[in-house]
J.: 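Let me give you the structure first, and then I'll get to my questions.
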Amino acid sequence: MVVVRDPRPEARELVAAARAALGLEELDLLVRGAYVVDVWARDVKRQDVGVKGRVIACVGPCRGRARRVIDADGLFLAPGFIEAHIHVESSFLSPSEFSRQLVTHGTTAAFVDVHEVGNVMGLRGVAALARAFEAVRLKVFLLAPPNVPPSRKVDDQGGASIPYGEVLEAARGLSGIGEVMDLQSLAEGDEEFLSFAAQASTSFTVQGHMAGLKGPELDAYVSLGIRNDHEVVSPEELEERISRGVFPFVRYGSSWRDLDRLSHLVSRHSPLVSIVADDIHALHLVAEGHLDRALRRALELGVDPVDAVRAVTLAPAMAYGVEAWMGSIAPGRLADMVLLSGLDRGLSVIRTFIEGSEAVCNGAGADLGALKGTVRVSFTPSLEVRAPVGDGEASARLIELVNGSSLTRERVEEVRVREGRVVASGNVSEVHVINRYGKPRQGSGLLGLAVEGAIASSVSHDTHNVVVVGGDRRSMEAALGAVLSADGGIAVARGGEVRALLPLPLAGLMSDMRAEEVAERLRTVINELSRACRCDGDVLLHQLQLLSLTVIPELRVTDRGLYSVPRRSYVPLLEVS
């Protein structure tokens, strides 16, 4: 399947479907006797569905014969699931394994933002992913990363910088543009940013990122023509976006599960609200599923079954303006469909059809050698926090994690200093961000959470330098050494020994192993991290990998030091009275 630029069928395909509906040509496929989820009429009806080529020709009584008949008696036939916002890199899987997992779980199309690889490798990495996705069965809408680095107002850059003009040029060869997230440039009324965003929205499919925006700043963002937002975390935010003509995307991924708070609004505003994964890792994909997992959760939370299906089919199609061709089982639409065991909390995917053909993924993929060799630390990092005093105490700005959220808070606390360095004890751990693009640069901070041992990760949004969090130097050195030796990855160490390692040699973000092996190694990483922090290691892993993301409040660490998002400036970690 090539990267999708225009989902519309050709005119000749529509003519053939019309002739098949009239009985003038033979159908290629007839799904007989299924309970069809009608997302337009908000109903479920027992009907036949006939397909000609890639297009649905008839729903209900179908004339004539079919080359292939599937008896679906007792099963439910829904439109193929559409993932409206997801990052392949967050799965830790290669494009082929990512595709295999999504298709297995009923997803037929995905709008994929690849700004993680963009920050590591620039458009060279994006092009490598595009080539890899052309070998998969999943229908991929691949989006050019618009903000590399994440903000032009923050002195923080990964391995690449992509000028706005190059983003627009790249989008012409892809499916559109990913999430526009430089909110600091928006707040400052930066003319270059405003001009770019408006040009992007009037020329291409564009994804929004309106985290925390309200009032005049929200109005300014929406005025630029961007019409969707996956950063909706409260009922008030969802209602505010609906009232401004913005399609809300409600997340149910690995760490961000806004659906649990917003499920009652999915039915109230159906079909305007989509359910998306955003960031979902291999362990959840393999063990629980993708949008089928989200559907089960929505049903557990009391969402009407048809409205839940709408949220992963018609709603995303409408958000991107492709509902004339995708997102429903109706004549003239592409035959992207999924057979389900039922529409209850125990639903499972029986078969997935993409454009009229049963989708079977063998896992074979393109050569990914171009994505390797990106972790290059050119100096010996100092895994300690130095203080401007020999012995005594200092006031420190601590990063406090907000439970289950991407947000952090700033907390000032007294810390002990011995022989010129901070002693991390009690509920305090060290954070070190190490440049991995050949520059001798390192920033440090303090986290208000006790971590026994250490974790190191080359996944550190969005610049993806290596982040190390820990309480003792031997364990931090061991975890860091394991990540560097693996050419990227996630490692947990305790007592100076590595206890778990997930190698991620593809841009330091993704594995070249099969999904099942990645999931098993990730399970070990999460279990070891849970022991190290005496908390939910699954949630903590993603929170630690966001410690460098300077576009989300409040306090962050980059390879240049401690950054305050509200102040829009770097701030000192320690102050000595």
Side-chain angles (χ1 to χ4, degrees), residues 92 283 375-387 391 396 398-399 401 415-436 440-460 464-505 508 511 517-518 520-545 547-548 557 559 573:
F92 306 131
L283 181 54
V375 180
R376 305 183 304 277
V377 174
S378 63
F379 66 106
T380 302
S382 172
L383 299 179
E384 59 184 18
V385 178
R386 303 298 300 178
D391 295 284
L398 265 62
I399 300 170
L401 300 175
V415 295
R416 288 194 303 125
V417 179
R418 182 184 302 160
E419 297 179 352
R421 70 179 187 88
V422 172
V423 179
S425 60
N427 289 324
V428 177
S429 299
E430 297 180 17
V431 180
H432 302 285
V433 178
I434 300 155
N435 184 282
R436 62 130 150 159
R441 201 160 58 216
Q442 173 185 336
S444 298
L446 293 170
L447 181 68
L449 177 74
V451 176
E452 181 186 353
I455 177 173
S457 173
S458 59
V459 178
S460 178
H464 299 294
N465 287 307
V466 179
V467 62
V468 183
V469 178
D472 74 86
R473 191 183 307 179
R474 286 180 59 237
S475 295
M476 288 191 286
E477 289 174 347
L480 174 61
V483 168
L484 298 183
S485 297
D487 193 20
I490 308 167
V492 179
R494 195 167 64 253
E497 295 183 359
V498 175
R499 304 302 178 97
L501 171 65
L502 171 59
L504 301 172
S511 172
E517 176 66 17
V518 175
E520 194 53 43
R521 287 185 178 241
L522 184 57
R523 186 193 307 276
T524 305
V525 165
I526 290 171
N527 288 343
E528 288 294 334
L529 185 56
S530 297
R531 294 187 186 99
C533 69
R534 294 180 176 86
C535 64
D536 186 338
D538 192 4
V539 174
L540 181 62
L541 176 62
H542 203 172
Q543 289 179 310
L544 296 182
Q545 291 174 338
L547 286 177
S548 294
V557 187
D559 63 347
L573 170 61

J.: Rounded to the nearest 0.5 Å, what separates atom CG in Asp487 from atom CG in Leu504?
T.: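 Between atom CG of Asp487 and atom CG of Leu504 there are 10.0 Å.
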
J.: Side-chain contact test, heavy atoms from C-beta onward, threshold under 4.5 Å: evaluate it for Val385 versus His432 and give yes or no.
T.: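 They are in side-chain contact.
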
J.: Can a salt bridge be assigned to the pair Glu477 and Arg474 using a cut-off of 4.0 Å between side-chain N and carboxylate O?
T.: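 The answer is no: the pair does not qualify as a salt bridge.
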
J.: Would Gln545 and Ser460 count as a side-chain hydrogen bond (donor to acceptor under 3.5 Å, both in side chains) here? Give the steps.
T.: CA-CA 4 Å; Gln545 291 174 338; Ser460 178; over 6 Å; no

J.: Per the side-chain contact (heavy atoms from CB on, under 4.5 Å) rule, which among Asp559, Asn465, Leu383 passes with Ile434?
T.: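 Only match with Ile434 under side-chain contact (heavy atoms from CB on, under 4.5 Å): Leu383.
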
J.: First locate atom CG of Leu449, then atom SG of Cys535, and finally report the distance between them rounded to the nearest 0.5 Å.
T.: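 Answer rounded to 0.5 Å: 5.5 Å.
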
J.: Going by heavy atoms in the side chains, are Val459 and His464 under 4.5 Å from each other?
T.: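 Touching, per the 4.5 Å side-chain cut-off.
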
J.: Only one of Leu529, Leu541, Ile526 clears side-chain contact (heavy atoms from CB on, under 4.5 Å) with Ile490; which?
T.: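 In the set Leu529, Leu541, Ile526, the residue that makes a side-chain contact (heavy atoms from CB on, under 4.5 Å) with Ile490 is Leu541.
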
J.: Quick one: closest heavy-atom pair of Ser429 and Val451, and the distance?
T.: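 Minimum heavy-atom separation between Ser429 and Val451: OG-N, 2.9 Å.
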
J.: Applying side chain to side chain contact (heavy atoms under 4.5 Å, CB included) to Glu430 and Ser444, what does each step give before you reach the verdict?
T.: CA-CA 7 Å; Glu430 297 180 17; Ser444 298; over 6 Å; no

J.: For Leu401 and Leu540, what are the C-alpha separation, side-chain angles and deciding distance, and is it a side chain to side chain contact (heavy atoms under 4.5 Å, CB included)?
T.: CA-CA 9 Å; Leu401 300 175; Leu540 181 62; 3.5 Å; yes

J.: Please find the pair of heavy atoms, one from Leu398 and one from Gly448, that lie closest to each other, and give the distance.
T.: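 For Leu398 and Gly448, the tightest heavy-atom pair comes out as CD2-CA, 3.9 Å.
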
J.: If you define the side chain from C-beta out and look only at heavy atoms, does anything of Val423 sit under 4.5 Å from Val417?
T.: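 Contact flag for Val423/Val417 side chains = no.
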
J.: In Å and rounded to the nearest 0.5 Å, what is the CD to CG distance from Gln543 to Asp536?
T.: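 Reported to 0.5 Å precision, the distance equals 9.0 Å.
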
J.: For Ala491 versus Leu501, what's the shortest heavy-atom pair and its separation?
T.: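 Scanning both residues completely, I find the closest heavy atoms to be CB-CD1, 3.9 Å.
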
J.: Is there a donor-acceptor pair under 3.5 Å between the side chain of Ser458 and the backbone N or O of Val466?
T.: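 Answer holds: no.
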
J.: Any side-chain heavy atom of Val518 sitting closer than 4.5 Å to one from Leu502?
T.: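 Answer yes - side chains close enough.
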
J.: For Arg376, look at atom CZ and say whether over 12 heavy atoms of other residues, nucleotides or ligands are found less than 6.0 Å away.
T.: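 Counting other residues, nucleotides and ligands, CZ of Arg376 exceeds 12 neighbours.
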
J.: Between Ser475 and Gly453, is there a donor-acceptor pair closer than 3.5 Å when you use the side chain of the first and the backbone of the second?
T.: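 Checked: no pair found.
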
J.: Could you pull out the closest heavy-atom pair between Val433 and Ser548, with the gap in Å?
T.: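 Nearest pair, atom of Val433 first, then Ser548: CG2-OG, 3.6 Å.
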
J.: Answer whether the closest heavy-atom distance between the side chains of Val469 and Leu547 falls below 4.5 Å.
T.: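 Val469 reaches Leu547 side chain to side chain.
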
J.: Should we say atom CZ of Arg386 is surrounded by more than 12 heavy atoms from elsewhere, each under 6.0 Å from it?
T.: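 Enclosed.
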
J.: Would you mind reporting whether Val431 and Val467 have side-chain heavy atoms less than 4.5 Å apart?
T.: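 Val467 reaches Val431 side chain to side chain.
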
J.: Rounded to the nearest 0.5 Å, how far apart are CD of Glu528 and SG of Cys533?
T.: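 Answer for the CD-SG pair, Glu528 versus Cys533, is 11.5 Å.
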
J.: Phe379 versus Gln442: any side-chain heavy-atom pair under 4.5 Å?
T.: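 Yes, close enough: below the 4.5 Å cut-off.
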
J.: Looking at Arg531 and Glu452, does any basic side-chain N land under 4.0 Å from a carboxylate oxygen?
T.: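 Salt bridge flag = no for Glu452 with Arg531.
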
J.: Taking the side chain as every heavy atom from C-beta outward, state whether Ser511 and Arg521 have any atom pair closer than 4.5 Å.
T.: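 Ser511 does not reach Arg521 side chain to side chain.
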
J.: How far apart are the closest heavy atoms of Ala396 and Leu446, and which atoms are they?
T.: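 Smallest heavy-atom distance, with atoms named: CB-CD1, 3.7 Å.
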
J.: Looking only at non-hydrogen atoms, find the nearest pair between Ala500 and Thr524 and report the distance.
T.: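 Looking at all heavy atoms of both residues, the shortest contact is CB-CG2, 3.7 Å.
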
J.: Is Arg421 salt-bridged to Glu419, cutoff N-O under 4.0 Å?
T.: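 Here Arg421 does not pair with Glu419 in a salt bridge, since their nearest N and O are not under 4.0 Å apart.
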
